[in-house]
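Following: one structure in structure tokens, then a few remarks.
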Amino acid sequence: MRNKRFFIVLVGALLFGLLAAFSVSRYLSSAQAYSKNLTRVAVAKVAIPIGTKIIAEQLMVVQFPKESTPDGTFESSEKLVGRVAVTNIAPREPVTEARLAPEGTSGGLSAVIPEGYRAMTVKVDDVVGISGFIMPGTLVDVVVVIDPEERAGMQDPISKIVLQNIKVLANGQNIDQPENQRDANSVKAVTLLVLPEQAEKLALAASEGKLQLVMRNSIDQGDEQTTGAVLDELDRLLDVLL
């Protein structure tokens, strides 16, 4: 009877050992297969602000699944040191070539100007700047208001949209969101991203009249065709409404 029990215990131990060995073998095979499917990717260790040169302390290297790795990543941080970020990069976010300015680019505003575009600064006040709501990345339309007292040959003031869907590059000295609303409200200049021909129109409009920025929805990319507005038309509209 004792031999029978011993035999049953022995068989159970062997079966348990075989099952454990099989489970460990499967786990090791799965872990090995998973590790073969990983690749080294350099990511941001801390937030990297737009327009800044990247330093080694801002980076770390982690393992990423190959099928989930974005295009243009780097396997080490050495090639990223000294490059300039053209977008804000969040912590643990992969640093890709698309988020960087070309090699040799200096930091600051010039790094975030796309090829073929220009940066042009216009003066603003609390009204033109929409009370501090004009932030980097905001899309605006530019309206010029021309006063006949400042331009010979005109009888009535006229307002006209001269540029549409223009991106704000900088708010004062900030190419990123200001840390507090007081900084946003104290801004006296806004830098816009324009094409060369748009820069010509903007310069002419600024010299001939007063500029007004009109904020628009970032999803709305369409341009509207308008004829402008004159004081006589506004007076007639007020007469109808009143």
Side-chain angles (χ1 to χ4, degrees), residues 48-53 83-89 96-147 150-151 154 157-179 181 183-230:
I48 301 177
I50 183 175
T52 59
K53 281 192 174 184
R83 298 289 297 271
V84 178
V86 295
T87 63
N88 290 316
I89 304 176
T96 63
E97 185 66 40
R99 295 178 176 273
L100 304 173
E103 291 188 42
T105 303
S106 59
L109 181 62
S110 63
V112 300
I113 302 175
E115 184 177 355
Y117 282 80
R118 306 291 186 268
M120 189 166 182
T121 301
V122 296
K123 294 181 179 180
V124 298
D125 53 27
D126 288 343
V127 176
V128 176
I130 315 183
S131 299
F133 287 103
I134 294 293
M135 300 292 182
T138 303
L139 295 179
V140 298
D141 292 345
V142 181
V143 179
V144 61
V145 179
I146 301 176
D147 193 322
E150 300 176 0
R151 182 174 174 82
M154 288 184 59
I158 183 173
S159 64
K160 183 74 171 68
I161 296 177
V162 291
L163 295 177
Q164 298 188 50
N165 203 29
I166 301 299
K167 183 179 180 180
V168 175
L169 269 186
N171 188 349
Q173 298 296 319
N174 301 307
I175 57 176
D176 197 3
Q177 299 286 341
E179 295 182 359
Q181 190 63 30
D183 291 341
N185 286 330
S186 64
V187 166
K188 298 303 179 184
V190 170
T191 302
L192 305 177
L193 181 66
V194 293
L195 293 168
E197 57 268 26
Q198 292 175 325
E200 295 171 344
K201 293 180 180 179
L202 186 58
L204 181 61
S207 66
E208 294 296 324
K210 182 178 179 180
L211 298 181
Q212 177 80 44
L213 302 183
V214 183
M215 187 182 295
R216 61 186 295 157
N217 191 314
S218 60
I219 300 176
D220 181 9
Q221 300 292 314
D223 289 347
E224 299 292 335
Q225 299 300 320
T226 64
T227 58
V230 295

Stepwise side chain to side chain contact (heavy atoms under 4.5 Å, CB included) test for Leu195 and Tyr117: CA-CA 5 Å; Leu195 293 168; Tyr117 282 80; 3.6 Å; yes
Candidate pair Leu193 and Val112, rule side chain to side chain contact (heavy atoms under 4.5 Å, CB included), full reasoning: CA-CA 10 Å; Leu193 181 66; Val112 300; over 6 Å; no
Intermediate values then yes/no, side chain to side chain contact (heavy atoms under 4.5 Å, CB included), Leu192 and Val142: CA-CA 10 Å; Leu192 305 177; Val142 181; 4.0 Å; yes
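Heavy atoms only, all atoms of each residue included: Thr191 and Ala119 are closest at CG2-CB, 3.8 Å. Across Arg83 and Leu100, no two heavy atoms sit closer than the pair NH2-CB, 3.6 Å. When all heavy atoms of Ala205 and Val144 are compared, the pair lying nearest together is O-CG2, 3.4 Å. The two residues Ala206 and Leu211 make their nearest non-hydrogen contact at CB-CD1, 3.9 Å. Closest approach of Ala101 to Val86, counting heavy atoms only: N-CG1, 3.5 Å. Minimum heavy-atom separation, Ala85 to Pro49: CB-O, 3.9 Å.
Judged as a side-chain hydrogen bond (donor to acceptor under 3.5 Å, both in side chains), and not counting sequence neighbours, the contacts of Arg99 are Thr87, Glu93. The side-chain hydrogen bond (donor to acceptor under 3.5 Å, both in side chains) test applied to Glu200 returns no partner, not counting sequence neighbours.
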Pairs under 3.5 angstrom only: tabulate donor-acceptor contacts from the side chains of residues 157-169 to other protein residues two or more places apart or in another chain.
from	atom 1	to	atom 2	distance (Å)
Lys160	NZ	Thr226	O	3.2
Gln164	OE1	Glu224	N	2.8
Gln164	NE2	Glu224	O	2.6
Asn165	ND2	Gln221	OE1	3.0

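Rounded to the nearest 0.5 angstrom, Ile146 CD1 and Glu208 CD are separated by 6.0 Å. In this structure, Leu139 CG and Met215 CE are separated by 10.0 Å, a value rounded to the nearest 0.5 Å.
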